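Every value quoted in this text rests on a predicted model; they were computed, and no experiment measured them. In listed order, ligands and their atoms are each counted from 1.
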Amino acid sequence: MLVSCGTKKGNNAAETAEESATPASTLLALMGEAAKQGKYMVGHHDDTAYGYEWQYEEGRSDVKETAGDYPGVINWDLGLIELDSAKELDGVPFEFIAEEVAKQNARGGVNSFSWHLRHPGTRATSWDVQPPVVAEIVTEGTAMNDTMVAWIGRAADFIGSLRDAEGNRIGVMFRPWHEHTGSWFWWGKDLCSPADYKALWALTRKVFDDKGIDNVVWVYSPGQVADEAEYMERYPGDEYVDVLGCDIYHYGGEPATDDYRMNVNNTLGIAKKLADEHGKLIALSETGIEALPMEGWFTEVLGPLCDAYPITFVTLWRNAEKNSKHEHFYAPYKGHPAEKSFAEWTAGPTTLMASDVAALRKSMSDSTRTAGAN
Ligand code: BMA
């Protein structure tokens, strides 16, 4: 039997916005306003934790050192929180993440979370796809269901614990069960049925909702798709999702630039059409070209693609410290040849860095106050 989801109505961030403001509805309104103004936040994974040539140095950020400001969005990963680990899968301590989330929020920026969690059967990594396990996870009364309820609970507790200096919950994005249109993670398409995948989302939402977690904007992040049917085949439903994202990387270097353009154009085009129909926002939830072999990539490739769609954010993957993983970086670092293109793109009128997001928040709260005074 599939786990039936409890909460079908009333707790979607967009619906709640009309009733009473929550950290989630406030964040979603900010993201909607950005998209409405034809602007998008620029994101970077693990931005203030480490960079190409440093680790855990207060205030540092490869993005800030090349673009002049912190990113509009910092993405973090929850992988290993399920096992109660003190550090996530790339070694970033969860306590550090909670502090950095508050700092990013205080400077006006936004935070988001991905989750590369372990395989609940083998306890190996997300990339351990055998044996298939989602069908059992979503079947009530099974050991796997119990395990996953506990694991999701730990993720929910952490997200719910994120607070600003005044003790208020910080609104964040969460994009669980990502890239499921491929089969490299154990929740991928060849490892479970569409119904089981959707039930996994329902289970996730039920655990979060039962705990009263009200600070999550939910992002659906398939990989690139061929058509609308593929984008929607495993879509959990409008009541579970706020943003229609996609994770698409530029593989194959310069010769494959047109393929990357085609993939992004095709999937963002599909996401835009669906978002209009379903009343959702869209995003390029993960992207990048590893080690930036094209120095003009941001102004010539990524920027024009992002500018062509009403996305609310675009996130670049991490800058692994050079001795921890060889040439695995997606934003430039000081002195990298792509620095100029990155600085130009992020200084342009459509991109929002942390201080731009802060200004947008301020303009929204000013106009709310003005409206209230009238
Ligand atoms: C991948 C790589 C890995 C990393 C994982 C989770 O794309 O960056 O090195 O462990 O993401 O962050």
> Does an N or O anywhere in Trp317 fall below 3.5 Å from an N or O of ligand 1?
Replying inline: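 Right, the criterion is met.
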> Could an N or O of ligand 1 be found under 3.5 Å from any N or O of Lys325, whether backbone or side chain?
Replying inline: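 There is such a contact, yes.
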> Would you say Tyr249 contacts ligand 1, with heavy atoms under 4.0 Å as the rule?
Replying inline: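 Tyr249 does not count as a contact of ligand 1 under the 4.0 Å cut-off.
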> Going by heavy atoms, is Asp90 under 4.0 Å from ligand 1?
Replying inline: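 It does, in that a heavy atom of Asp90 comes within the 4.0 Å cut-off of ligand 1.
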> Below 4.0 angstrom, N of the basic side chain to O of the carboxylate: do Glu99 and Lys103 qualify?
Replying inline: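 Lys103 and Glu99: not salt-bridged.
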> Would you find a donor on one side and an acceptor on the other, under 3.5 Å apart, between the side chain of Arg234 and the backbone of Lys198?
Replying inline: no
> Are the aromatic rings of Tyr249 and Tyr330 close, with centres under 6.0 Å apart?
Replying inline: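 So the answer is yes for these two rings.
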> Of the protein's non-hydrogen atoms, which lies at the shortest distance from atom 9 (O) of ligand 1, and what is that distance?
Replying inline: Arg318 NH2, 2.7 Å
For ligand 1, which atoms sit closer than 4.0 Å to a heavy atom of [X]?
| X | answer |
| --- | --- |
| His116 | 6 (C) |
| Trp127 | 5 (C) |
| His328 | 2 (C), 8 (O), 9 (O) |

> Think Lys64 forms a cation-pi with Tyr70, using NZ or CZ under 6.0 Å from the six-ring centre and within 45 degrees of its axis?
Replying inline: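 Yes - Lys64 lies over the ring of Tyr70, closer than 6.0 Å to its centre and within 45° of its axis.
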> Which heavy atom of Thr22 sits nearest a heavy atom of Ser25, and at what distance?
Replying inline: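 For Thr22 and Ser25, the tightest heavy-atom pair comes out as N-OG, 2.8 Å.
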> For the residue pair Thr181 and Gln224, what are the closest heavy atoms and their distance?
Replying inline: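 What the structure gives for the nearest pair is OG1-O, 4.2 Å.
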